[in-house]
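All values reported here derive from a predicted model rather than from experimental measurement. Order of the sequence lines sets the chain letters (A, B, ...), proteins ahead of strands, with each chain counted from 1. Reckoned from all heavy atoms, side chains included, excluding hydrogens, waters and symmetry mates.
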Amino acid sequence: MRQVIIIGSGPAGYTAAIYAARANLKPLVIASSVDFGGELMKTTEVENFPGFPDGIMGPDLMIQMQKQAERFGAEIVYDDVVELSLAGEVKTVKLGNGDVHEALTVIYATGSAYRKLGLEDETRLSGYGVSWCATCDGAFFRQKKVAVVGGGDSALEEATFLTRFADVVYLVHRRDQLRASAAMQDRAKADPKIRFVWNKEVAHIYGDEKVTGVGLVDTVDGSETTLDLSGLFIAIGADPRTHLVHGQLDLTPEGTIAVEGRTSKTNLSGVFAAGDVIDPTYKQAATAAGSGVVAALDAEHYLAALPQELLARAEGAAPVAVPA
Amino acid sequence: MSAKEVTDATFEADVLQSETPIMVDFWAEWCGPCRAVSPILDKIAEENSDKLRIVKLNVDDNPETAMKYGITSIPAMKVFRGGEVVKTVIGAKPKPALEADLAEFLA
């Protein structure tokens with residue numbers, strides 16, 4: 001049995017692992033089999049994570065965090081959680097390979113998953129022109145026309161990145177202004193390859209074997225237009241990954257896991273949540289990392305108050321009380 | 001053991017002329033999900049070495065083949081039999097999901 005199992009390996013999960021490992025709690029990190037490292041594995045240059053004045057590549061940053069956690073004794077398993085039992089004093093975590101792990105505390109930091117448009121042809125053409133990852137697929141659209149759907153930072157980041165390859169990048173947004181930060185907006189608006197398509201929603205994706213265009217509906221007057229293009233990049237946000245804890249952990253109206261005040265405490269004792277899965281607002285690598293710290297300290301504090309005979313059954317040193 | 005690299009130059013001989021089913025993993029250095037799926041493919045190849053061969057093709061170094069097979073998203077995995085594509089799997093997936101996609105070649 002473990003003192004701490006951390007589910008998730010983005011900035012929140014790995015930062016929680018660094019803190020828990022430095023406290024000699026020998027955390028086990030369930031990193032996922034293919035999504036390990038989280039969202040930043042799919043980005044390029046990260047310019048706003050403190051400590052890297054020249055920027056750092058997203059995947060490199062995550063590998064550094066992983067190494068830092070391992071240096072202090074965190075153990076990482078590259079598999080997916082398929083079942084969780086969180087209510088009891090001892091929590092159980094079942095993995096895709098059939099292994100079942102037990103722990104006194106669980107830190108849940110699974111982040112969020114890309115939102116889909118919800119169109120019939122979206123799944124069929126996914127990988128054939130429909131994409132959620134410009135850094136993965138952008139290079140296949142050299143000298144082509146593409147569109148990005150969305151109006152937040154990630155949409156503008158994708159659009160700006162795609163100008164390296166595509167001749168024209170349409171930014172399709174359902175309103176007439178963007179949610180994105182001023183810096184991202186300025187960069188995109190100054191880019192001659194980016195063309196803003198305001199007040200439009202994607203209603204159809206056309207193409208038999210690959211994307212050939214989209215049908216747009218005007219959100220103001222309802223008029224319909226089409227746009228010929230080869231690639232459609234969807235960046236309309238993400239939903240917290242909570243399916244494993246439905247019926248166990250309370251959620252907020254926004255769909256994130258409910259935590260108590262500024263802590264990481266969920267409705268179940270010994271279960272803590274951190275990162276984008278509790279954050280409907282900020283969703284930054286640095287805020288997620290900070291949230292991971294909170295969860296590790298909350299878990300440490302909880303463990304320190306458990307009966308000795310229970311702690312004796314778990315791996316790692318006995319936890320020392322930390323100021324709450 | 002990691003998968004053999006094939007190139008534009010060797011594709012014909014290594015893949016199209018292959019007598020047994022062979023899967024090509026189209027990948028690139030800069031693709032995070034490709035890095036994630038690569039060890040899983042190595043494992044599947046190792047466990048099924050008598051049934052399915054798995055090779056890799058770097059799309060940056062070998063644009064001709066990538067273009068010929070209309071790759072627009074990586075990782076993309078295509079199974080060839082008798083020189084024809086008989087199965088396409090797109091995107092990094094966990095091992096059990098990939099094994100399910102490839103079941104007909106692993107049986």
**Q** Mind ranking A:G127, A:G58, A:G129 by heavy-atom pairs under 4.5 Å with chain B and telling me who comes out on top?
**A** A:G127
**Q** Please name the residue in the list A:Y114, A:F141, A:F140 that meets the ring pair (Phe, Tyr, Trp, His ring centres under 6.0 Å) test with A:F233.
**A**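 Testing each of A:Y114, A:F141, A:F140 against A:F233, the sole residue satisfying ring pair (Phe, Tyr, Trp, His ring centres under 6.0 Å) is A:F141.
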**Q** Out of the candidates A:M41, A:K67, A:M57, A:E39, only one should pair with A:M62 under the side chain to side chain contact (heavy atoms under 4.5 Å, CB included) rule; please name it.
**A** A:M41
**Q** I'd like to know which of B:G32, B:P96, B:A92 tops the heavy-atom pair count under 4.5 Å against chain A.
**A** B:A92
**Q** Please classify the contact of A:L125 with chain B as side chain, backbone, both or neither, using a heavy-atom distance under 4.5 Å.
**A** neither
**Q** Checking A:F36 against chain B: side chain, backbone, both or neither under 4.5 Å from a heavy atom?
**A** side chain
**Q** Quick check on the interface: out of B:V37, B:I71, B:V59, who has the most heavy-atom pairs with chain A under 4.5 Å?
**A** B:I71
**Q** Ring centroid separation for B:F80 and B:Y69, is it under 6.0 angstrom?
**A**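 Yes - the distance between ring centres of B:F80 and B:Y69 falls below the 6.0 Å cut-off.
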**Q** With a 4.0 Å cut-off, would you call A:R187 and A:E47 a salt bridge?
**A** yes
**Q** Between A:S131 and chain B, with a heavy-atom cut-off of 4.5 Å, which part of the residue counts as in contact: side chain, backbone, both or neither?
**A**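 Interface part for A:S131: neither.
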**Q** Mind checking whether B:F11 and B:F26 have parallel, tilted or perpendicular rings, split at 30° and 60°?
**A**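 B:F11 and B:F26: tilted rings.
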**Q** Which bit of B:I40 is near chain A, if near means a heavy-atom gap under 4.5 Å: side chain, backbone, both or neither?
**A** side chain
**Q** May I ask you to check whether B:K56 and B:S38 show a side-chain donor-acceptor distance below 3.5 Å?
**A**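 Yes, side-chain donor-acceptor contact under 3.5 Å.
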